[in-house]
Amino acid sequence: MYALESENKDAKVFNCVQRGHQNSLEFMPTFMVMLLLGGLQYPIVAAIFGAVYTVARLQYFRGYSTGTASARYSSGGGFHWLALIGLLVCNAALILHQFFPDYV
């Protein structure tokens with residue numbers, strides 16, 4: 001699955017791009033479900049967190065594709081975690097609202 005550095009001089013960059021792509025694909029179902037469910041209760045807040053997540057993942061991938069894995073969190077790449085936590089809070093509010101509609 002990975003390119004060998006002995007066979008290709010750009011193997012490290014290729015491997016970083018491939019890992020960044022795979023990581024994005026692994027997080028996509030979680031993000032989409034949380035965005036959909038969180039948007040049922042708070043659509044504008046969920047849309048904002050979705051936009052933050054999308055921009056942060058773009059920055060994450062741009063940093064990762066430089067060939068240096070530690071660069072993935074530079075220039076705002078780590079903000080996707082904050083967006084996911086925000087969507088998780090929206091989902092928790094939806095669940096609480098379903099069980100306690102008069103209090104939330």
- prompt: Roughly how far apart are Asp102 CG and Phe100 CZ, rounded to 0.5 Å?
  reply: 10.5 Å
What pairs of donor and acceptor atoms, side-chain ones from residues 80-91 against any protein atom, are under 3.5 angstrom apart with sequence neighbours left out?
residue	atom	partner	partner atom	Å
His80	ND1	Gly77	O	2.7
His80	NE2	Arg57	NH1	3.1
Asn91	OD1	Gly38	N	3.0
Asn91	ND2	Leu87	O	3.0

message: Can you give me the closest heavy-atom contact between Leu35 and Ala46, atom names plus distance?
response: CD1-O, 3.2 Å
task: Tell me whether Met28 is reachable from Leu36 by hopping between hydrophobic residues (I, L, V, M, F, W, Y) whose side-chain heavy atoms are closer than 4.5 Å.
output: no
query: Shared ILVMFWY cluster between Ile48 and Leu58, side chains joined below 4.5 angstrom?
result: no
message: Are there over 12 heavy-atom neighbours, none belonging to Leu25, within less than 6.0 Å of that residue's CG?
response: yes
Cluster companions of Leu40 among Ile, Leu, Val, Met, Phe, Trp, Tyr (side-chain spacing under 4.5 Å): Val33, Leu37, Leu94
- prompt: Between Met34 and Phe79, is there a shared hydrophobic cluster once you connect ILVMFWY residues whose side-chain heavy atoms come closer than 4.5 Å?
  reply: no
- request: Inspect the surroundings of CZ in Phe27 and state if more than 12 heavy atoms from other residues, nucleotides or ligands are less than 6.0 Å away.
  value: yes
- prompt: Just how far is it from atom CD of Gln18 to atom OH of Tyr64, taken to the nearest 0.5 Å?
  reply: 10.5 Å
task: State, with a plain yes or no, whether a side-chain heavy atom of Phe61 is found less than 4.5 Å away from one of His21.
output: yes
